Every structure is written in C-alpha cells, then in structure tokens.
There are 2 protein chains.
Amino acid sequence: MERELLLLGLLRQHATHGYELSAFVEGAMNACVDLKKSTAYFLLDKMAATGWVIVQETREGNRPPRKTYTLTAAGEAEFQRLLRQNLASFNLPKLSNDIGIAFIDTLSQDEAIALLQQRRKHLLSQINQTQHTPKHAGSLQLLIEHQIYVLNSELAWLDTVILRIIAQTKPPIGAE
Amino acid sequence: MERELLLLGLLRQHATHGYELSAFVEGAMNACVDLKKSTAYFLLDKMAATGWVIVQETREGNRPPRKTYTLTAAGEAEFQRLLRQNLASFNLPKLSNDIGIAFIDTLSQDEAIALLQQRRKHLLSQINQTQHTPKHAGSLQLLIEHQIYVLNSELAWLDTVILRIIAQTKPPIGAE
DNA sequence: CTACAATTGGTCAAATCTGACTAATCAATA
DNA sequence: TATTGATTAGTCAGATTTGACCAATTGTAG
C-alpha cells in the first residue's frame with residue numbers, strides 16, 4: 001500500500017501521465033523508493049479499476065496515445081486514509097541485505113574483514129551519491145534525509161561488526 | 001539472491017525438508033527475514049532445477065511425501081560465491097515504509113504529531129518483541145542484533161522528526 | 001474413546017512484478 | 001539532410017509471490 005500512497009500523493013499535486021510519474025520516482029526519488037515503470041503502470045491501472053483515479057487517453061500526432069491519470073474524490077479519500085494508516089504504524093523492513101552476515105563465521109577472519117572493507121566502500125559511495133541528489137520540495141525532502149541517516153547508521157553498525165571480528169579470536173600480544 | 005544465499009546457508013548446516021526450513025525462517029528469523037513458505041518452496045524447486053540442491057521424496061505412511069533437499073557440490077560453490085558477493089556489496093534498502101512522511105505537510109501539526117506518537121508506540125513494541133526472541137546460534141544472532149539496532153535508530157530518527165514538526169511553526173511566546 | 005483444534009507438509013490459481021521490447025519524436029552532428 | 005543516439009511513452013510475456021487451500025497426523029479435553 002505504500003506505493004499506492006506515493007502515487008496518489010504525487011497525483012494529488014497535479015494530474016499527470018504515467019511516464020512523468022515513473023520518471024520522477026525512478027529518478028529523483030531513486031534513493032528511497034523502489035518502483036519500476038512497469039509496476040507503476042500496473043498500479044495506476046489497478047487504481048483506475050478501483051476508481052481512485054481516472055484515465056484519459058490524449059492522442060497527439062500519431063504517436064501512441066498518452067494516458068493522463070487524475071485523482072478522483074474516492075482517490076483523495078483513500079489518500080487521506082492511507083496517509084494516516086502509514087504514519088501511525090511501523091512495519092519493520094525485513095531482509096535488508098545482510099544475510100551474508102549470518103554466515104560470516106564460515107570464513108577466515110582475514111577474508112571476512114577484507115570483504116567487509118569492500119562493503120564499507122560501497123556504503124560510503126552510496127552516502128555520497130545520496131547526499132548529492134537534488135533537493136526535493138517540501139517534506140519529500142525528509143525521505144532523502146532519512147535515507148542518508150539510515151546509510152550512516154548502517155556504516156556505524158558495520159564498523160562495530162568489523163571491530164568485533166578483529167577482536168574475536170585475535171587476543172594478540174599480552175593476552176590474558 | 002539474498003534468499004537463495006539464506007536457504008543454501010541453512011541447508012549447508014544440515015539437509016532437511018522445506019517445511020522445517022520455512023518454519024525456521026518464518027519463526028525464529030521472522031524479525032529479520034521476509035520469506036513465506038510458498039516462496040521458499042518455489043526457490044528450492046528452482047535451485048533443484050539449477051542443480052544447487054537435490055530433492056528426495058521420502059514417503060512415510062500414506063501422508064503426502066516429504067521432500068528432503070540436500071546441497072550439491074555446485075550448491076556449495078554457489079553458496080561460497082553468493083556469500084562473498086553479499087558481504088562485499090551493499091544495496092540500500094528502499095521504500096522502507098515511511099512514504100507517509102513525504103506527505104506529512106498536508107496534515108495539521110496536531111494530527112501529524114498524534115499519528116507519529118502512535119507510530120512511536122508500534123516501534124517500541126517491535127523493539128521489545130525483537131529483544132525477546134530466542135538467541136540464535138553463531139553469527140545468525142548478528143542478524144537479530146542488527147535488527148534491534150536498526151529499530152533503535154528508527155526510533156531516534158522518528159523523535160527528531162517529531163521535534164522538528166513541533167518546532168516548525170510554533171515559535172510560541174517570545175517569537176522574534 | 002471421540003471430536004476438535006493445532007501442527008506437519010505441501011500445492012495451486014490468481015495476483016503482482018520485471019526486463020525486454022516497440023515505436024515515435026527530438027537533438028545533434030557529420 | 002540523412003544517420004545516429006537519446007528521450008518520451010507505454011506494452012507484454014514470462015517470472016515471481018501470495019493467500020488460501022488440502023490432507024494427514026498429533027495432541028488434548030471432555
């Protein structure tokens with residue numbers, strides 16, 4: 001339902017066609033949202049069937065007709081409902097992408113640390129990229145800030161993991 | 001690929017049937033992984049087709065036959081590959097579930113704050129639940145710790161958002 | 001003992017998602 | 001001004017995911 005909320009919220013600002021919507025989401029919002037063009041069209045069509053939006057094919061020249069989606073009153077109501085539901089609840093994001101961590105003890109310490117250093121670099125570059133995305137309007141910007149915040153906590157966590165592994169079975173010189 | 005890595009990693013510890021795998025994942029690992037039973041079977045069958053596992057139907061009594069999955073050498077190799085790839089890379093988790101935040105400026109301050117307080121409660125109770133899940137063996141436990149860590153950073157972030165909203169247009173008594 | 005629920009083990013049709021594709025237009029450049 | 005490449009706009013078959021279901025077995029309470 002988060003994706004529907006997003007689309008309704010965007011359409012609420014101004015009615016537009018699927019391409020612009022998905023270009024925006026896959027472009028400017030790329031850092032915080034995963035929603036492909038084809039899925040966007042799918043969802044829009046479903047919402048049209050439900051009555052939350054209406055479609056108008058506007059034919060220009062002889063290119064394939066452009067479909068403009070407009071929010072209906074029912075769509076506005078659904079937006080209000082979804083927004084409140086979304087804000088009031090929290091569902092933990094599952095299976096981020098650290099499953100590998102669960103099996104890290106099958107590797108030698110050296111290899112484990114080398115791999116995690118690489119991971120650390122990926123993370124840093126993502127932080128950089130995300131920090132340099134163009135500023136969004138209004139509270140959309142909060143999403144980007146959240147993303148940066150999350151990436152930074154991941155970085156901090158990763159560092160503690162690396163330290164733990166180093167500490168683990170390397171009580172070196174004066175070990176007790 | 002994270003899910004395949006997980007299944008291979010678990011099957012590596014000991015060959016077993018789909019039900020036990022998915023019961024474990026949907027049970028003890030529920031906090032950090034989202035993988036339904038039916039998806040697990042689907043993935044297992046796919047991996048069987050690829051040759052990473054072999055299936056043996058063991059018929060006991062006249063109940064529907066039980067399918068036992070065993071890791072092959074190719075499966076072990078793929079595990080090694082996926083593990084390294086997973087550890088060395090980082091893909092940011094997208095569209096957590098705070099899309100609502102992007103549209104929070106369409107609400108009155110009072111309602112926004114009330115809703116976020118509710119969200120805060122959900123979050124707290126999830127932290128509690130996750131903290132009380134039974135301890136996992138070995139580095140599997142790291143996943144749970146990560147989950148708790150993430151939930152706590154989400155809590156901290158949520159609090160800053162709430163504070164920001166309160167501060168936003170409420171320069172009360174001696175406003176300049 | 002028996003009936004009623006819970007658990008074990010798995011399947012399947014329907015819903016959803018994806019990558020690859022079409023096809024027109026614009027933009028630039030040789 | 002053809003040729004090439006990007007951009008706009010959307011479709012679709014095939015892959016994946018889900019929720020609901022089936023059927024046997026194991027408690028378990030009366």
Side-chain angles (χ1 to χ4, degrees), chain A residues 1-8 10-11 14-30 33-50 52-70 82 91 93-95 97 99, chain B residues 1-7 10-11 14-30 33-50 52-70 91 93-95 97 99:
Chain A
M1 294 284 94
E2 294 90 11
R3 321 248 269 308
E4 284 82 346
L5 174 57
L6 176 61
L7 292 174
L8 291 174
L10 292 178
L11 282 178
H14 71 278
T16 183
H17 52 102
Y19 187 79
E20 188 184 325
L21 275 174
S22 65
F24 178 69
V25 171
E26 287 192 296
M29 305 198 63
N30 182 54
V33 179
D34 184 31
L35 176 58
K36 325 274 183 210
K37 191 160 51 114
S38 36
T39 311
Y41 279 110
F42 171 75
L43 292 176
L44 286 168
D45 286 346
K46 198 169 54 112
M47 295 200 293
T50 320
W52 295 343
V53 298
I54 29 175
V55 203
Q56 285 151 96
E57 306 217 341
T58 52
R59 180 172 302 268
E60 281 164 30
N62 61 349
R63 71 165 65 187
R66 168 194 285 184
K67 290 167 147 188
T68 298
Y69 297 87
T70 312
L82 285 177
N91 298 294
K94 294 185 174 187
L95 187 63
N97 60 336
I99 289 301
Chain B
M1 294 282 95
E2 294 90 10
R3 321 248 269 307
E4 284 82 346
L5 174 56
L6 176 61
L7 292 174
L10 292 177
L11 281 178
H14 70 278
T16 183
H17 51 100
Y19 187 81
E20 189 184 326
L21 276 174
S22 65
F24 178 68
V25 173
E26 287 192 297
M29 305 197 63
N30 182 55
V33 180
D34 183 31
L35 176 59
K36 325 273 182 209
K37 191 161 47 115
S38 37
T39 311
Y41 278 109
F42 172 75
L43 292 175
L44 287 167
D45 286 346
K46 197 167 55 110
M47 296 199 292
T50 320
W52 296 343
V53 299
I54 30 176
V55 203
Q56 286 152 95
E57 306 218 341
T58 53
R59 180 172 303 269
E60 281 164 32
N62 60 350
R63 72 164 66 186
R66 170 194 285 184
K67 291 168 147 187
T68 299
Y69 296 88
T70 313
N91 299 294
K94 294 184 173 188
L95 187 64
N97 59 337
I99 289 301

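Model, not experiment: these values are computed from the prediction.
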Exercise for the section: Can you tell me the distance, in whole Å, between the CG atom of A/D45 and the P atom of C/dT16? Expected result: 12 Å
Practice task
Figure out the CG/P separation between A/L44 and C/dT16, and round it to whole Å.
Solution key: 14 Å
Exercise for the section: Grab the CE-C1' distance between A/M1 and C/dT16 for me, whole Å please. Expected result: 12 Å
Handout entry: A/Y69 and A/I54, any side-chain heavy atoms less than 4.5 Å apart
Key = no
Problem - Rounded interatomic separation in angstrom, taking NE2 from B/H17 and C1' from C/dT8 - result: 8 Å
Exercise for the section: Please report, rounded to the nearest Å, how far the P atom of C/dT22 is from the OH atom of A/Y41. Expected result: 17 Å
Exercise for the section: Find which nucleotide of DNA chain C each of B/Y69 and B/A23 is nearest to by heavy atoms, and output the residue with the more 5' nucleotide. Expected result: B/A23
Problem - Residue pair B/L44 / B/V55, side-chain heavy-atom distance below 4.5 Å - result: no
Exercise for the section: Would you tell me if any nitrogen or oxygen in the side chain of B/K67 comes within less than 4.0 Å of OP1 or OP2 on C/dT11? Expected result: yes
Show each protein N/O and nucleotides 17-20 of chain C N/O combination with a separation under 3.5 Å, one pair to a line.
unit_1, atom_1, unit_2, atom_2, d
C/dC17, OP1, A/R3, NH2, 2.8
C/dT18, OP2, A/T39, OG1, 2.9
C/dG19, O6, A/S38, OG, 3.0

Problem - Rounded interatomic separation in angstrom, taking CD from B/E26 and P from C/dT8 - result: 12 Å
Handout entry: Side-chain touch B/T16/B/T70, heavy atoms, less than 4.5 angstrom
Key = no
Problem - Side-chain heavy atoms of B/Q56 within contact of B/R66, under 4.5 Å - result: no
Exercise for the section: Kindly say if B/Y19 contacts the phosphate of C/dG10, meaning a side-chain N or O under 4.0 Å from OP1 or OP2. Expected result: no
Sequence neighbours left out, cut at 3.5 Å: what donor-acceptor pairs do the side chains of residues 36-43 of chain A make with other protein atoms?
unit_1, atom_1, unit_2, atom_2, d
A/K36, NZ, A/D34, OD1, 3.3
A/Y41, OH, A/Y19, N, 3.2

Exercise for the section: Check whether any side-chain heavy atom of A/M29 lies under 4.5 Å from a side-chain heavy atom of A/L6, and answer yes or no. Expected result: yes
Practice task
Using whole Å, report how far CD of A/E4 lies from C1' of C/dA15.
Solution key: 12 Å
